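Contents: one structure, followed by commentary.
Just so it is clear, the structure is predicted and the values come from calculations on it, not from any experiment. A note on names: the letters A, B, ... follow the listed sequences, proteins ahead of strands, and every chain is numbered from 1.
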Number of protein chains: 2
Amino acid sequence: MAHALQLFKPIRGKRTFEEISSEIKRLIFDGVLKPGDKLPSEIELARMFAVGRQSVREALRLLELSGFLNIRRGVKGGPVVEDTLFNKIGNLFLNAFKFKKISLEDLTKARIEIEKSVLLYAIENADAEDLKSLKDNIRKAKSTLRKGNPAFEENIDFHRLLARSSKNHVFLLVMESILAVLSDFTSRVNDVGLDRSREVTLCHEKILRAIQAKDREEGTRVLEEHLNEVRRILVED
Amino acid sequence: MAHALQLFKPIRGKRTFEEISSEIKRLIFDGVLKPGDKLPSEIELARMFAVGRQSVREALRLLELSGFLNIRRGVKGGPVVEDTLFNKIGNLFLNAFKFKKISLEDLTKARIEIEKSVLLYAIENADAEDLKSLKDNIRKAKSTLRKGNPAFEENIDFHRLLARSSKNHVFLLVMESILAVLSDFTSRVNDVGLDRSREVTLCHEKILRAIQAKDREEGTRVLEEHLNEVRRILVED
DNA sequence: TCACATTTGTCCGTATGTATC
DNA sequence: AGATACATACGGACAAATGTG
């Protein structure tokens with residue numbers, strides 16, 4: 001019987017701004033509005049929906065935070081359809097972490113398991129372009145290191161590229177969320193770490209070689225060792 | 001050099017409602033405000049922050065959508081700190097799916113890999129209470145089936161309980177997101193499916209037995225078979 | 001460089017809906 | 001049933017930002 005409940009109308013009537021938000025979202029889902037498209041100004045939207053400007057603004061807030069559009073101020077500004085969904089999900093994930101809903105222990109453990117799967121998919125599906133991106137990443141990291149700076153951004157980006165190589169958007173999304181937390185970490189503890197960044201980069205290089213050689217065993221071994229090392233570093237701080 | 005950028009102030013001055021939102025969020029992170037606590041009314045908040053009510057309202061919109069509080073209307077109503085983070089992340093994940101950012105193919109493939117890890121952790125960490133919940137779930141599903149109804153809700157809930165048994169909140173969160181999509185699916189195609197729900201319930205029973213016996217091989221085998229079956233069913237529709 | 005137009009950002013006053021006592 | 005306290009919503013006004021000529 002429970003599943004039949006879905007047939008009835010929602011008991012609690014939606015608020016005005018929620019209806020406006022849903023309506024605009026529907027247009028985006030249906031492809032009527034596409035990334036890059038500019039929406040009418042708040043005043044015009046209010047006229048079109050026959051509501052006050054406040055309701056329109058609150059609807060836009062929801063869509064903005066959900067990752068469907070950006071809002072620019074000034075002339076030629078206004079709401080623009082823009083896809084930042086993965087980014088926003090990463091933000092919420094980071095919130096959950098800060099809210100103590102997720103421990104560093106849980107994060108790193110789950111990461112090891114998930115990233116092993118990602119690696120296997122990457123070995124299977126990475127194309128020439130992916131390999132080039134990964135190689136470029138390592139080259140840039142080494143260049144940064146030679147200048148005497150830790151290559152934190154490049155190190156994090158390596159895992160993003162790895163997820164992209166898996167050709168699976170769920171993996172990419174989960175990885176994006178995990179990296180949002182790690183970025184937050186490294187952005188705060190940014191002294192010391194040159195040596196560690198160097199070690200990390202070397203590990204990444206080994207992983208890349210395993211992908212090129214399609215060596216699952218070696219790849220998994222190095223990755224697991226690498227992530228356990230990262231885990232130890234993080235827990236120390 | 002890139003990492004040093006984080007030291008500077010944000011270039012773009014935050015908007016008023018964003019600052020208010022951050023401030024309240026900070027109080028929640030720091031534990032000053034806890035779930036169940038009631039915040040002052042909009043009017044009072046506006047007075048306290050020395051801003052207009054509209055700014056407060058938009059700040060509350062952000063916090064509401066982010067899963068930090070609920071807002072109740074009427075006397076004795078107002079903003080109440082309430083943790084619905086996982087729920088909201090699931091919603092955004094569902095959005096990403098509807099927005100065609102994620103294919104059913106990607107979802108089911110990733111799910112198989114992730115849930116295999118979840119199962120191994122569950123076998124390791126499930127306590128007596130978890131086993132009881134899982135058993136109850138299957139009993140309830142069977143009861144529903146005997147009444148001639150498909151046990152969709154119970155079937156989905158089984159996987160939630162499985163993730164809970166893993167004792168890892170990241171797994172739980174990822175599972176919650178995946179199930180949000182599946183719930184949306186089954187809520188729309190709710191005719192036919194009694195036989196399938198019966199098969200699914202039997203599979204769940206086998207998985208539970210494998211957990212009780214701590215049999216990793218058998219558990220992984222049944223789970224993989226089960227999820228592949230689910231995948232076939234979903235892709236058919 | 002400067003003035004102008006457009007659009008978001010913000011505040012205020014007021015009215016209505018809604019839930020609790 | 002009526003009073004109360006709150007969110008919800010409308011309209012008008014001005015400030016701030018920003019692209020354009």
Side-chain angles (χ1 to χ4, degrees), chain A residues 9-25 27-28 33 35-82 84 88, chain B residues 8-25 28 33 35-82 84 88:
Chain A
K9 281 186 204 169
I11 295 165
R12 204 171 90 84
K14 271 187 182 174
R15 295 172 284 189
T16 310
F17 67 85
E18 285 174 322
E19 286 193 41
I20 296 170
S21 170
S22 297
E23 184 63 17
I24 295 176
K25 216 191 294 186
L27 292 175
I28 296 176
L33 292 172
D37 289 354
K38 196 178 165 311
L39 267 66
S41 72
E42 290 177 358
I43 296 176
E44 274 199 71
L45 284 172
R47 229 176 13 86
M48 292 163 66
F49 285 113
V51 296
R53 206 182 137 210
Q54 176 155 1
S55 299
V56 171
R57 281 186 62 79
E58 292 182 26
L60 293 178
R61 284 289 86 73
L62 297 192
L63 294 168
E64 188 184 31
L65 192 70
S66 299
F68 287 106
L69 46 84
N70 275 347
I71 296 171
R72 282 193 279 270
R73 276 175 284 195
V75 63
K76 289 293 174 188
V80 179
V81 180
E82 209 158 316
T84 60
K88 303 298 178 181
Chain B
F8 303 131
K9 281 186 202 169
I11 294 164
R12 204 172 91 82
K14 271 188 182 174
R15 296 171 282 189
T16 308
F17 66 85
E18 284 173 323
E19 285 193 41
I20 296 171
S21 170
S22 297
E23 183 62 16
I24 295 176
K25 216 192 293 185
I28 295 176
L33 292 172
D37 288 354
K38 196 179 164 310
L39 267 65
S41 71
E42 287 180 0
I43 297 177
E44 276 199 69
L45 283 172
R47 230 176 10 87
M48 292 163 66
F49 285 114
V51 296
R53 281 209 319 288
Q54 177 136 8
S55 298
V56 171
R57 280 186 65 78
E58 293 183 25
L60 293 178
R61 286 288 88 75
L62 296 192
L63 294 168
E64 190 183 29
L65 191 71
S66 299
F68 287 105
L69 47 83
N70 274 348
I71 296 170
R72 284 195 271 269
R73 279 173 284 192
V75 63
K76 290 291 174 189
V80 179
V81 179
E82 209 158 317
T84 59
K88 303 298 179 182

> So does B:Lys76 have more than 12 non-hydrogen atoms from other groups sitting under 6.0 Å from NZ?
Replying inline: no

Here the gap from B:Glu58 atom CD to A:Leu65 atom CG, rounded to the nearest 0.5 Å, amounts to 12.0 Å

Atom CG of B:Asn70 and atom P of D:dT8 are separated, to the nearest Å, by 11 Å

Value for CZ (A:Phe17) from CZ (A:Arg61), rounded to nearest 0.5 Å, stands at 12.0 Å

When rounded to the nearest 0.5 Å, the distance separating CG of B:Leu69 from CG of B:Leu33 is 9.5 Å

Practice task
Please check the phosphate of C:dG9 (OP1 and OP2 only) for any side-chain N or O of B:Thr16 closer than 4.0 Å.
Solution key: no

ask   = Does B:Ser55 put a side-chain nitrogen or oxygen below 4.0 Å from OP1 or OP2 of C:dC11?
value = yes

Do any N or O atoms from the side chain of A:Glu18 and from the backbone of A:Arg15 form a donor-acceptor pair under 3.5 angstrom? yes

Rounded to whole Å, CG of A:Leu45 lies from C1' of D:dC10 at a distance of 16 Å

Heavy-atom closest pair (A:Pro40 atom, A:Met48 atom, distance to 0.1 Å) is CG-SD, 3.9 Å

A:Glu19 atom CD is separated from D:dA9 atom C1', nearest whole Å, by 13 Å

Rounded to whole Å, CD of B:Glu18 lies from C1' of C:dT8 at a distance of 12 Å

Taken to the nearest 0.5 Å, the spacing of A:Ile71 CD1 from A:Leu63 CG works out to 8.0 Å

For B:Glu42, the side-chain hydrogen bond (donor to acceptor under 3.5 Å, both in side chains) test, sequence neighbours excluded, returns B:Arg57

For nucleotides 13-15 of chain C, print each protein N/O atom paired with a nucleotide N/O atom at under 3.5 Å, atom names and distance only.
unit_1: C:dT14; atom_1: O4; unit_2: B:Arg53; atom_2: NH2; d: 2.6

With the criterion being N/O to N/O and under 3.5 Å, what pairs connect the protein with nucleotides 5-7 of chain D, and how long is each?
unit_1: D:dA5; atom_1: N3; unit_2: B:Val75; atom_2: N; d: 3.4
unit_1: D:dA7; atom_1: OP1; unit_2: B:Glu42; atom_2: N; d: 3.2
unit_1: D:dA7; atom_1: OP2; unit_2: B:Glu42; atom_2: N; d: 3.2

